[in-house]
Amino acid sequence: MISLFSPVFYVDECLNGIKECLQKGWTGPGEKMAEFEEKWAEYTGYPYTVFLNSATAGLELSFKSMKELYGWQDNDEIITTPLTFVSTNHAILSAGLNAVFADVNDTLCLDPESVKDKITKRTKAVIFVGIGGNSGDLEEIAELCRKSGLKLLVDAAHMSGTKIKGIHMEELVDIAIYSFQSTKVLSTADAGMVCCNDKEIAKKIRIKAWVGMDKTRTPWSDDNTQRWYFDVVDLGGSYFGNDIMASIALAQFAHLDSDVKMRHEIADKYFQNLKECDRIKYIRVPQNCYSAQWLFQIVVPERDALIAFLESRDIYAGLHYLDNTQYRLYHYARETCPNADFYSKNAVSLPFHLRLTDEDIKMVSESVIEFYGEEKC
Ligand SMILES: Cc1ncc(COP(=O)(O)O)c(C=O)c1O
């Protein structure tokens, strides 16, 4: 069987960190988490980072915090993409804001022209999703947001390790939310990180992440004096990450850049094997983007039949993503984004992870070519 994902864990390094936590008797949010937040801030260039139990939590807390601090009203509009995991769009709705869908382009990410068309007096922000690690036309969208006075968020769930050459994302983007969920480029079991430039937003997210308490029982709290007299200043939930996940994240982080390099090598092998097949189209990755390459996606005719054919060979492909406007909750925007609809029907993610052998890659490639018939390729 060749699976879509199969994360590699640096087991001994992960276990060393976990063991330290267990021996110390502290598995909650603590020093490991603080260490990872600091390292991630240094890596991404953002001054403020908050480690949470998922990117979903990070997205929700970001929108809620921005709405409250920046005085956004109910039903103010956030421009978003239909081609994403639903967490991106649920976060907008859960903050009482309206999700307004713009279309994607050949990068599978938001199309700047379509974003421009969707701006109204009620628009407050744009959320960009870097599909598969691609930063698409983010620079143009950042420029548009700057000129239009809009905040820019990036759902960077797939972008751990993405580099926009010469530019730190923090220069372009107000808030970036990363996922360290089990299958992601930097895998833990479940965790996420919010990175931002605004200290007040970071503080609000921290408070909301622990049931709204203004002091937390952790060594890194701003104010540790008389911490038993905490106040509850906000509505919140239980969204913090913990030192077990942070230990895994720290161990995995040490290998992130070399893992991404290996991902590129695997992608190159696919490109090489499939190059004769002109039924296959690829996703545009702009010159300035060094993608984290979470996915290897191709655009093909008869996509569903191809997935079924591969499954008959015990090869498991995937779909990233179904156009969200096809879900009942987002039906109100159906048929407004033809490109998203097209890619939702024609893009497929081939098995892609660091355990793939050359034989596996060859087998997947040959099966794709066989499906279309050599003469059609
Ligand atoms: C684009 C995107 N956003 C958000 C998420 C949610 O991430 P998490 O599982 O860390 O909540 C995912 C997870 O797959 C995702 O792919």
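Both ligands and their constituent atoms are indexed starting at 1 by order of listing.
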- [ ] Heavy-atom contacts with Ser179 under 4.0 Å: which atoms of ligand 1 show up? List them by number with element.
- [x] 7 (O), 8 (P), 10 (O)
TODO: Might you confirm whether atom NZ of Lys116 has over 12 heavy atoms from other residues, nucleotides or ligands at distances under 6.0 Å?
DONE: no
Task: Ligand-residue contact atoms, ligand 1 with Ala157, heavy atoms, under 4.0 Å - done: 1 (C), 2 (C), 3 (N), 4 (C), 12 (C), 15 (C)
Open item on the list: Yes or no: does Tyr321 have any heavy atom under 4.0 Å from an atom of ligand 1?
Closed with: yes
TODO: Would you please say whether a donor-acceptor pair under 3.5 Å links the side chains of Ser6 and His353?
DONE: no
Task: His264 ring center within less than 6.0 Å of Tyr290 ring center - done: yes
TODO: Check each heavy atom of Lys184 against ligand 1 and say whether those closer than 4.0 Å belong to the side chain, the backbone, both or neither.
DONE: side chain
TODO: Show your reasoning for whether ring-ring contact (aromatic ring centres under 6.0 Å, His included) applies to Phe352 and Phe5.
DONE: CA-CA 6 Å; Phe352 200 70; Phe5 299 124; 9.0 Å; no
- [ ] Examine the side chains of Asp243 and Thr27 and answer whether a donor and an acceptor come within less than 3.5 Å of each other.
- [x] no
Open item on the list: I want to know if ligand 1 touches Thr84 in the polar sense, i.e. an N/O pair below 3.5 angstrom.
Closed with: no
TODO: Considering heavy atoms of the protein only, find what lies nearest to atom 3 (N) of ligand 1 and give residue, atom and distance to 0.1 Å.
DONE: Asp155 OD2, 2.7 Å
Task: Winner among Ala55, Ala91, Ser182, Ser54 once heavy atoms are compared against atom 7 (O) of ligand 1 - done: Ala55
TODO: State whether the shortest distance between N or O atoms of His158 and N or O atoms of ligand 1 falls below 3.5 angstrom.
DONE: yes
Open item on the list: For a quick check under 3.5 Å, do Asp155 and Tyr178 share a side-chain donor-acceptor pair by atom type?
Closed with: no
TODO: Look at atom 15 (C) of ligand 1 and say which protein heavy atom is nearest, naming residue and atom and giving the distance to 0.1 Å.
DONE: Phe85 CB, 3.4 Å
Task: Part of Trp294 within contact of ligand 1 (heavy atoms, under 4.0 Å) - done: neither
- [ ] Quick one: look up the protein heavy atom nearest atom 11 (O) of ligand 1 and list residue, atom name and how far away it is.
- [x] Thr56 OG1, 2.5 Å
Open item on the list: I need the atoms of ligand 1 closer than 4.0 Å to a non-hydrogen atom of Gln181, numbered in the order shown.
Closed with: 9 (O), 10 (O)
Task: Glu265, CD atom: more than 12 neighbouring heavy atoms under 6.0 Å - done: yes
Open item on the list: Ring centroids only, cut at 6.0 angstrom: are Trp210 and Tyr239 within range, meaning strictly under it?
Closed with: no
